[in-house]
Amino acid sequence: MATCKYDWPPAGERGLIGQRISRIDGPAKSSGRAKYTYDINRPGMLFGKVLRCPYAHATIKSLDVSAAKSLPGVKAVRIIQDVGKEVQWEGDEIAAVAAETEEIAEDAIRKIKVEYEQLPFFVVEEDFSQATGHTKPAVTNKTGDPDKAFQDSDIVVSEGYYGVPVITHCCLESHGNVVEWTDGQSMTAWASTQAVSAIGGQFAEPLGISPNNVDIICQYMGAGFGSKFQADRWAIETARLAKDAGKPVKLMLERNSELLVAGARPSAFAKVKVAAKKDGTLTAWQSESWGTGGISGAGVPPLPYVLKIPNQNRTHTFVTANIGPSRAWRAPNHPQACLITMAALDDLAAKLNMDPMELLTKNADLAPNQDLARAYKDELKKAAELSEWQKYWHPRGDKSQGHIKRGLGVSFHTWGGDPHDGKCMVTIQPDGSVEVKLGSQDLGTGTRTVINIVVAETLGLPLEAVKVSIGDSKYPPDGPSGGSTTVGGVSGSTRRGAVNARDELFKVVAPTLGAEADQLEAVGGQIRVKGDSSKSLTWKQACAKLGVKPIDAQGEQKRGKSECKLNDGGVGGVQVADVSVDTETGIVRINRMVAAQDCGLIINPKTAESQCYGALIMGICYSLYEEKIMDAQTGRMLNPNMEFYKLAGIGDIGELVVHMMTGPGYDERGVVGLGEPPVISPGAAISNAVANAIGVRVPTLPLTPDKVLAALEKGSMA
Amino acid sequence: MKRKRDKPRKPLANEALTRRDFLKGASAAVSGGMLAGQAALASAAPPGAEVVGPGAVPITLQVNGKSQNLSLEPRVTLLDALRNNLDLTGAKRVCDRGVCGSCTVIMDDKPVYACNILAIEAQGHNIMTIEGLAEESKLSPMMTAFINNDAQQCGFCTPGFVVACTAYVQKHPNPSREDVEKGLGGNLCRCGTYMGVRAAVLEAAAKTMTSRTVVPSASPESLRLLALTSD
């Protein structure tokens, strides 16, 4: 079997890899010294603001920016969409200004005179019967013979309606940039971005300059969740304002604009019919689903989720609505598909009088491959143990006394997480100092720390001996942080870079140690001969042999066949929710969430667990609180703020239990991405837990008190 | 879900004009936030009130033990004065509406939302920001607890949390987990760091600290990163 010199050290020989290590940028963040795009203050900097259309659908009839231009303190004004343009969602950009203070910029915006001709709009998509004229068919698909399968006499069929509304990303740092021109042809943009190495070209092209003359900087960014991959139109306008004014410009979106236009997760609603034999073997699936991602199409939820049910009939229809455009939202299309499928299966299990854990275990072999099926079975067992499923689960409907009802629900999910392509440079200086450089970004996922661990481990050095430089497009390009591809990408490239650098150092010091280069190892701050620790040099002594020239070694992670087992793709994951529902108020309280999650080899368990805790909390948020509420009368979003677009607080999460699957069967796969999978199941698990508690299904998220009470009332009348 | 509510405040003793008086008096002249002009304000203001603005006026703020002289329009919030005029960017603007706590600073030993206070009314009070909780490259015990318990991910909510948690533990030195959950409901996190925050507060409380204790407790690499970020 071909081995690869880059492969991870075997289990018994790892130093830092697998240790619980505090993230290295923790001190900068917890002390407030980390500088985000929003914090950048440049000499002479102006503040930019955008005038946005207040209507869901309108044509611009007249536009007069002269009063803004002549306001003292205003240094540049730009028209973004001019007379005659058709605006298709509330919040779309009309014009922008740059002024000496934010207050003057706001006054300037208010002085712009614009007249619109309002046009008919469509913004509430859940009621499909109202959507005529606003639809585009997306998918029609048949597998096997579903008509026949549903007519089988020996099956149990469950029918239901399930759905999730449009929600937003609600990154705490809004979108925005600071742009500064160094001369007429070169600019620097501090960008709140998930794609440091990619967006420079997106500035260059519309501005008519070379991508070589655009420097993107992002040392710290306040979250993206998939909404910050591109250089947005307002970003290009920031650059134009800065050029016109001859001064740097900072333009950050206000909270209402952020929730109106800076991204959304598409909705999905579905009528589902699912059948199983009386022993729980799934036989047939039928779904008619629809949803909106704004005025153009959105992704299609993969139904039925995960399981290859033999007979399927599925249609999906896009609804076009006059709302801000959707963007990738953590695990695109999966949370929607998971809720629809896992809720339907949970209802079927109830009809079968079957424990849903048993139903999922029984049908796990319908997963796309055997590795996933095995992972689900292991994880279902683990999640059952950690949630005390045997103790707390009961058949649907908590029959205990009192108005508080308790219930459990389960769900599983899948994701890819293959590595993205990326390069790095590892430099070893004659004085022993080490730096690794790559144009990557840390969204709060712990990327910096993973890179630090990989390089330090490879060189046998402590963490603090390695300088990690990311967040600048001047460094070798790394991929965008999306799709859970970063940890595989950066660990792959920096492992290779560090091994290459180390091997060059071995060649230089081998003669001194009287050995061949391939007989050396770098451990515990030394370069020494394997098996003879008397023949060694300290790291500093070894590097001094370099004379005056440093080692610069490249590392690259690239798609394609390789005998290396550094990384892989494909994960499962199981979650259980334990909730209590107050049947008098309709309020749902989380008692406990349990996540059993695999992701191959885990470089840093501490930050990996945080990814899971964070995803569970994001899941609680979209299960209980989040919704982009559109008003059918005015076409406007009713809650573009954080008073009424609600997130969970510290008292709303209950107990969170995360178990990472490690050891044989997992570690040897190499590194697999983790950012997205654990956010997929919470909606389904919580919805199932509420159904288990109160005895009826609340069909759509968020599970707000009014909906819980409505479901209880409907159920009691049935 | 609990939120801190604005309690009716007694007028601040050393100010001629309170924010509430200003807004009440100007309500006839104000529509959509635009100020109608000095004369209209003077006539709308209660008798004996000193009217300032709408243009920039001299303001003196006591921030982190230093006196800062600024020239600001009265409508500028304390948060914007800190971030835009004093380059103290630890406190963040997120909701700008007194909901999320990312702008939390300490005013006379009380945690407050800086986005909900006008700079002009913060005069005469001692303002402590996250930058004042730990000097130079040092870290406070609460910051160390945050690092140890991985209570930060993207970090944008973190300064507000550290300030709120520091103030909370000063008043509640021996909190239960339930106390922590109720006491810190005024700070929101989107990445989901609450597990780490909860543990950090309990750990820091157990070590019984005050916000003015300064303890260097970071590795050389972390301190180097700190030094890099304080341009």
Side-chain angles (χ1 to χ4, degrees), chain A residues 22-36 38-39 41 47 101-103 107 110 170-174 219-223 225 254-255 443-446 452 463-467 606-607 609-610 613-618 625 641-643 646-653 656, chain B residues 1-2 32 34 73 75-76 80 83-84 87 89-90 92-97 99-100 102 129-131 134 139 143 146-148 150-159 162 180-182 184-185 187-188 190-198 218-226 229-231:
Chain A
S22 295
R23 67 184 72 214
I24 62 171
D25 51 12
K29 288 170 176 172
S30 69
S31 67
R33 292 182 187 111
K35 291 285 185 187
Y36 298 75
Y38 218 136
D39 303 332
N41 289 324
F47 292 86
T101 70
E102 277 201 85
E103 297 74 44
D107 289 346
R110 280 189 277 259
C170 202
C171 306
L172 292 199
E173 185 188 26
S174 57
Q219 292 303 323
Y220 297 94
M221 61 90 80
F225 306 120
E254 307 84 0
R255 184 51 42 181
L443 316 184
T445 46
N452 200 164
L463 281 176
E464 49 268 25
V466 174
K467 178 177 171 182
K606 194 171 198 177
T607 48
E609 282 171 13
S610 291
Y613 291 135
L616 288 172
I617 291 169
M618 213 164 183
Y625 309 121
N641 52 62
M642 289 174 72
E643 301 99 282
K646 295 184 185 293
L647 301 180
I650 195 170
D652 299 317
I653 64 170
L656 304 182
Chain B
M1 209 179 356
K2 299 229 174 347
M34 277 301 288
E73 294 184 30
R75 58 177 162 162
V76 175
D80 292 350
R83 290 178 53 79
N84 296 341
D87 203 31
T89 58
K92 307 296 182 204
R93 189 203 286 164
V94 170
C95 74
D96 208 20
R97 307 269 280 246
V99 172
C100 75
S102 296
T129 70
I130 181 85
E131 291 87 352
L139 299 167
M143 292 170 192
F146 264 60
I147 295 160
N148 291 344
D150 210 23
Q152 60 280 300
Q153 290 182 30
C154 84
F156 211 65
C157 73
T158 305
V162 171
V180 171
E181 288 174 359
K182 290 203 178 98
L184 289 163
N187 286 70
L188 297 178
R190 181 44 156 174
C191 296
T193 60
Y194 296 136
M195 290 290 283
V197 172
R198 205 164 63 189
S219 71
E221 166 61 11
S222 307
L223 289 174
R224 190 199 62 79
L225 255 180
L226 260 182
T229 56
S230 43
D231 344 288

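Each chain gets a letter, A, B and so on, in the order its sequence line appears, and its residues count up from 1. Every heavy atom of this structure was used, including side-chain atoms; hydrogens, water molecules and symmetry mates were not.
- Under the 3.5 Å distance criterion, the side-chain polar atoms of A:Glu643 are left unmatched by any main-chain donor or acceptor of B:Val99.
- A donor-acceptor distance shorter than 3.5 angstrom exists from the side chain of A:Arg23 to the backbone of B:Gln152, with no hydrogens or angles considered.
- Interatomic distance, CG of B:Leu188 versus CG of A:Leu647, reported as 6.0 Å (0.5 Å rounding).
- Heavy atoms of A:Ser610 lying under 4.5 Å from chain B belong to its backbone as well as its side chain.
- Interface residue A:Tyr613: backbone and side-chain heavy atoms are both found under 4.5 Å from chain B.
- Counting all heavy atoms, side chain and backbone alike, A:Gly32 lies closest to B:Pro159 at CA-CG, 3.9 Å.
- Chosen from B:Gly196, B:Cys95, B:Gly90, B:Cys157, the residue pairing most often with chain A at heavy-atom distances under 4.5 Å is B:Cys95.
- Annotation: side chain of A:Leu172 is in contact with side chain of B:Ser102 (closest heavy-atom distance under 4.5 Å).
- Atom CD1 of A:Ile617 sits about 7.0 Å away from atom OG1 of B:Thr193, to the nearest 0.5 Å.
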- [ ] Could you give me the CA-CA distance, side-chain angles and deciding distance for A:Glu254 and B:Asp96, then say whether side chain to side chain contact (heavy atoms under 4.5 Å, CB included) is met?
- [x] CA-CA 8 Å; A:Glu254 307 84 0; B:Asp96 208 20; over 6 Å; no

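- Applying side chain to side chain contact (heavy atoms under 4.5 Å, CB included) to B:Phe156 and the options A:Met221, A:Glu173, A:Lys29 leaves one that passes, A:Glu173.
- Top candidate by heavy-atom pairs under 4.5 Å with chain A, chosen from B:Val197, B:Thr129, B:Leu184, B:Asn84, is B:Asn84.
- Between atom CD1 of residue B:Ile147 and atom OG of residue A:Ser30 there is a gap of 3.5 Å, rounded to the nearest 0.5 Å.
- A distance of 11.0 Å separates CG in A:Asp25 from CD in B:Gln153, rounded to the nearest 0.5 Å.
- Both the backbone and the side chain of A:Leu656 come within contact range of chain B, each with at least one heavy atom under 4.5 Å from a heavy atom of that chain.
- Residue B:Cys100 touches chain A through its side chain alone, counting heavy-atom pairs closer than 4.5 Å.
- Of the inter-residue distances, the one linking B:Tyr194 atom OH with A:Asp652 atom CG reads 7.5 Å to the nearest 0.5 angstrom.
- Side-chain contact between A:Leu616 and B:Met195: absent, with no pair of heavy atoms (C-beta onward) separated by less than 4.5 Å.
- Under the rule for a salt bridge (charged side-chain N to carboxylate O under 4.0 Å, His left out), the partners of A:Asp39 that lie at least two apart in sequence or sit in another chain are B:Arg83, B:Lys92.
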Task: side chain to side chain contact (heavy atoms under 4.5 Å, CB included) between B:Asp150 and A:Glu609, worked out - done: CA-CA 10 Å; B:Asp150 210 23; A:Glu609 282 171 13; over 6 Å; no

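- B:Glu73 is linked by a salt bridge (charged side-chain N to carboxylate O under 4.0 Å, His left out) to B:Arg75, counting only residues two or more places apart in sequence or in another chain.
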TODO: Could you give me the CA-CA distance, side-chain angles and deciding distance for A:Phe225 and B:Cys191, then say whether side chain to side chain contact (heavy atoms under 4.5 Å, CB included) is met?
DONE: CA-CA 9 Å; A:Phe225 306 120; B:Cys191 296; 4.1 Å; yes

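- Options B:Glu181, B:Met143, B:Arg190 differ in how many heavy-atom pairs under 4.5 Å they form with chain A, and the most are formed by B:Arg190.
- In this structure, the separation between OG1 on B:Thr158 and OH on A:Tyr220 is 11.5 Å, given to the nearest 0.5 Å.
- Contacts of A:Thr445 with chain B are absent, with no heavy-atom separation under 4.5 Å from either backbone or side chain.
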